[in-house]
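The structure appears below as structure tokens.
Predicted model only: the values in this text are computed from it and were never measured. Every heavy atom of this structure was used, including side-chain atoms; hydrogens, water molecules and symmetry mates were not. Note on naming: letters A, B, ... go to the chains in the order of the sequence lines (proteins, then strands), and numbering restarts at 1 for each one.
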Protein chains: 2
Amino acid sequence: MRDQINGILKRNLLSVTESRKKILELFLQSSGALAHADIEKKTGEKFDRVTVYRTLHSFLNKGIIHSIPSADNAIRYALCKECTEENHQDDHIHFQCKECGNTTCLEDVHVPSIVLPKGFRSERIEMVVSGTCKDCRPGNMHKKAPM
Amino acid sequence: MRDQINGILKRNLLSVTESRKKILELFLQSSGALAHADIEKKTGEKFDRVTVYRTLHSFLNKGIIHSIPSADNAIRYALCKECTEENHQDDHIHFQCKECGNTTCLEDVHVPSIVLPKGFRSERIEMVVSGTCKDCRPGNMHKKAPM
DNA sequence: GTAACTGCAAAATATTTGCATCCTT
DNA sequence: AAGGATGCAAATATTTTGCAGTTAC
């Protein structure tokens, strides 16, 4: 894990600092996407709020994480598996559970191709499905709190 | 138009006030979705900022408009064609143009059905495509500014 | 007339910027 | 040593809340 974190940072020409290591670790450990507020909580407010903003921005610029749009004014971020600075390849679906609040990347479900009206050119597609996730399905005994 | 606006408000048990009429008129005239800031600009700041927030909230509650998620922290709203208070039927794709900034509902392009992993139950799907719209396509001479 | 809506003030929250200091390389 | 990153203070922006006055019905 330590090596993986250092690797990601160095590969992206970011200096290896406490806040970056810790926040990147959070993303690696987390099963789902994280909003700014989540990160503040999970670091125990160890870092200045501004540092968290700046860290997220630089991760976003480098393509280490991607943002997941939402209609609730709480943008969430998740690790990019195959993104680079030039090319965001987030061709997967995001799932937002209304029960536990978790947002996860469904890496295996690919965004279907669609036919746009004449004249439109598509560059990027975001698909966010909301509903109930497998851990919150009624009758599921493995229910667990959001991480 | 006047009749249509009154009709929508009365049907939804909202009293017919200046701000509601004006903001609803904006949506009816607008080719695309509107963010809070757009509405303030287009009304010439005629109404208090708080009134705009409250008007948007009540329209949203009544199902008169729906929100369009985005990754840029600027939630946009668009008229619902077939939504009711209980059932938001926004089964269409939203298109966000990177050139003119307009966000439009592609009413004719329906969200394709997808197969989720076992255990997931889908309630609502949001699909936002970004790229270049037909009016901003290179070589298109009918280019026009965002409304 | 009454309930609902608006505008103003202010609080609460979220985000950005400048700068001096500290840390990584 | 030099450049970049951090923390603090403060500016700016966004959203919510309370309340008194106004408007719709």
Side-chain angles (χ1 to χ4, degrees), chain A residues 2-3 5-27 33-62 64-65 67-77 85 101, chain B residues 2-3 5-27 33-62 64-65 67-77 85 101:
Chain A
R2 190 107 327 225
D3 285 350
I5 289 171
N6 284 10
I8 293 174
L9 291 176
K10 293 199 166 151
R11 196 179 320 130
N12 286 283
L13 306 175
L14 293 172
S15 38
V16 179
T17 65
E18 273 312 303
S19 64
R20 286 175 180 166
K21 279 192 289 184
K22 182 64 185 171
I23 292 175
L24 195 44
E25 187 186 1
L26 273 184
F27 277 111
L34 301 172
H36 177 100
D38 297 326
I39 293 169
E40 283 196 69
K41 275 181 217 128
K42 286 171 199 226
T43 53
E45 276 132 0
K46 190 180 164 193
F47 305 106
D48 192 273
R49 174 181 286 261
V50 177
T51 300
V52 176
Y53 279 113
R54 289 196 270 226
T55 304
L56 288 175
H57 285 159
S58 58
F59 284 4
L60 202 54
N61 283 338
K62 295 295 186 178
I64 298 173
I65 58 177
S67 65
I68 301 169
S70 85
D72 67 353
N73 255 333
I75 293 186
R76 291 171 184 79
Y77 303 90
E85 193 160 352
Chain B
R2 190 106 329 222
D3 287 351
I5 290 171
N6 285 9
I8 294 174
L9 292 175
K10 292 198 166 152
R11 197 181 316 133
N12 286 284
L13 306 174
L14 293 172
S15 39
V16 180
T17 65
E18 273 311 303
S19 65
R20 285 175 181 167
K21 280 192 288 184
K22 183 63 184 169
I23 292 174
L24 195 44
E25 188 186 359
L26 272 184
F27 277 112
L34 301 172
H36 177 100
D38 297 326
I39 293 168
E40 283 197 71
K41 275 181 219 131
K42 285 172 201 230
T43 53
E45 277 131 1
K46 190 181 164 192
F47 304 106
D48 193 273
R49 175 181 285 260
V50 176
T51 300
V52 176
Y53 278 114
R54 290 196 272 225
T55 303
L56 288 174
H57 285 158
S58 57
F59 285 2
L60 203 53
N61 283 339
K62 294 296 185 176
I64 298 173
I65 58 176
S67 64
I68 302 169
S70 83
D72 66 354
N73 253 334
I75 292 185
R76 290 170 185 80
Y77 303 90
E85 193 159 353

**OP:** Figure out the CG/P separation between Asp48(A) and dC22(C), and round it to whole Å.
**Re:** 16 Å
Subject >> Exam field: side chain Asn6(A) to backbone Asp3(A), donor-acceptor pair closer than 3.5 Å >> reply: no
Original post:
Can you tell me how far P of dT15(D) sits from CD1 of Ile39(B), to the nearest Å?
Top reply: 12 Å
Original post:
Whole Å only: how far is the OH atom of Tyr53(A) from the P atom of dT6(D)?
Top reply: 16 Å
Original post:
Counting only side-chain N and O atoms of Asn73(B), is one of them less than 4.0 Å from OP1 or OP2 of dT14(D)?
Top reply: no
**OP:** Calculate the interatomic distance between Ile23(B) atom CD1 and dC5(C) atom P; express it in whole Å.
**Re:** 13 Å
Subject >> Arg20(A) vs dA5(D): side-chain N/O to OP1/OP2 distance below 4.0 Å >> reply: yes
**OP:** Using atom CZ of Phe59(A) as one end and atom C1' of dA5(D) as the other, report the distance to the nearest whole Å.
**Re:** 12 Å
Subject >> N/O (side chain, His57(A)) to phosphate O (OP1/OP2, dT16(C)) under 4.0 Å >> reply: yes
Original post:
What does Val16(B) touch in the nucleic acid at a heavy-atom separation under 4.0 angstrom: a base, only the sugar-phosphate, or nothing?
Top reply: sugar-phosphate
Original post:
Once you round it to whole Å, what is the distance between P of dC5(C) and CG of Leu9(B)?
Top reply: 10 Å
Original post:
In Å and rounded to the nearest 0.5 Å, what is the NE2 to CZ distance from His36(A) to Arg49(A)?
Top reply: 5.0 Å
Original post:
Picking from dC19(D), dT16(C), dC19(C), which would you name as closest to the side chain of Val50(A)?
Top reply: dT16(C)
**OP:** Look at Ser15(A) and dT25(C) and indicate whether a side-chain polar atom (N or O) is within less than 4.0 Å of OP1 or OP2.
**Re:** no
Subject >> Interatomic distance, Glu45(B) CD vs dT6(C) P [rounded to whole Å] >> reply: 18 Å
Original post:
Rounded to the nearest 0.5 Å, how far does OH of Tyr77(A) lie from NE2 of His57(A)?
Top reply: 5.5 Å
Original post:
Got Arg2(B) and Lys21(B) here, is their nearest side-chain heavy-atom distance under 4.5 Å?
Top reply: yes
Original post:
Do Asn12(A) side-chain atoms and Leu14(A) backbone N/O form a donor-acceptor pair below 3.5 Å?
Top reply: no
Subject >> Check: Arg54(A) side chain, dG4(D) base, donor-acceptor under 3.5 Å >> reply: no
Original post:
How close or far is atom C1' of dG4(D) from atom NZ of Lys21(A), stated in whole angstroms?
Top reply: 16 Å
**OP:** May I ask you to verify if any side-chain N or O of Thr17(A) is less than 4.0 angstrom from the OP1 or OP2 atom of dT24(C)?
**Re:** no
Original post:
Taking the side chain of Ser19(B) as heavy atoms from C-beta outward, which of dG7(D), dT6(C), dT25(C) is closest to it?
Top reply: dT6(C)
Original post:
With sugar-phosphate meaning primed atoms plus P, OP1 and OP2, does Arg49(B) contact a base, only sugar-phosphate, or nothing at under 4.0 Å between heavy atoms?
Top reply: base
